[in-house]
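Step one of this worksheet: look at the structure below.
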Amino acid sequence: MKKIILLLALAAVSTGAFAQEWSYGVKARLNRANLSSTSNSNMKADFYCGIFAEYRINEFWGIQPEIIYSRQGTKTDLGSFDGWVRLNYINVPILAKIY
């Protein structure tokens, strides 16, 4: 997984030097998630990471598609079940940007 992210980051940096309207980048942050429907659960720290590309249409408008992997979860005690609940998400937001 680390090698794939590094390879994508290097490819984005090398191809971004040739195009003036496009810019690329990598995101990585810390998540803290909890399941609100369970009363006996503890918040769990995890991560999310992804890549994005920004295209400037003109001086005032831009568009930014992203692909983000997010892992969330909690440690819970629900009577017969005691353990970790982990949820994996892949988000594909497309942002409109105004400058």
Side-chain angles (χ1 to χ4, degrees):
M1 179 79 172
K2 290 180 186 178
K3 291 180 183 180
I4 292 172
I5 292 173
L6 181 62
L7 181 64
L8 290 172
L10 290 175
V13 170
S14 65
T15 58
F18 299 110
Q20 298 222 347
E21 298 93 13
W22 285 95
S23 61
Y24 303 94
V26 177
K27 289 184 168 189
R29 296 198 182 151
L30 180 67
N31 269 347
R32 289 183 44 149
N34 194 2
L35 298 176
S36 62
S37 65
T38 60
S39 61
N40 297 332
S41 63
N42 297 325
M43 191 172 291
K44 181 178 182 310
D46 227 321
F47 70 95
Y48 87 85
C49 61
I51 58 173
F52 68 90
E54 180 182 353
Y55 178 71
R56 297 245 355 211
I57 298 169
N58 59 29
E59 183 180 352
F60 302 106
W61 293 94
I63 190 167
Q64 180 175 321
E66 301 178 351
I67 299 174
I68 299 173
Y69 169 76
S70 176
R71 188 165 78 179
Q72 301 173 9
T74 186
K75 184 174 183 179
T76 186
D77 179 16
L78 294 173
S80 63
F81 178 76
D82 182 21
W84 291 100
V85 176
R86 290 196 177 123
L87 305 169
N88 298 304
Y89 297 98
I90 294 180
N91 298 316
V92 185
I94 299 175
L95 308 172
K97 298 182 104 179
I98 301 172
Y99 299 99

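Quick note: numbers below take in every heavy atom, side chains included, and nothing from hydrogens, waters or symmetry partners.
Annotation: I68, atom CD1; neighbour count of heavy atoms from other residues, nucleotides and ligands within 6.0 Å is above 12.
Under a hydrophobic clustering in which Ile, Leu, Val, Met, Phe, Trp and Tyr are joined whenever their side-chain heavy atoms come within less than 4.5 Å, directly or via other members, W22 and F60 fall into the same cluster. Hydrophobic clustering places I57 together with I98 (ILVMFWY residues linked when any side-chain heavy atoms are closer than 4.5 Å, directly or through intermediates). When the side chains of ILVMFWY residues are joined at heavy-atom separations under 4.5 Å, either directly or via intervening members, L87 and Y48 end up in two distinct hydrophobic clusters. Linking Ile, Leu, Val, Met, Phe, Trp and Tyr whenever their side-chain heavy atoms come within less than 4.5 Å puts W61 and Y55 in one cluster.
The structure places CD1 of I94 at 6.0 Å from CD1 of I63, a figure rounded to the nearest 0.5 Å. Taken from SG in C49 to CZ in R71, the straight-line distance is 10.0 Å, to the nearest 0.5 Å.
The two residues A53 and P65 have their closest heavy-atom pair at O-CD, 2.9 Å.
Here the side chains of Y24 and I51 are not in contact, with every heavy-atom distance at 4.5 Å or above. Side-chain contact between F47 and N31 is absent, with no heavy-atom pair separated by less than 4.5 Å.
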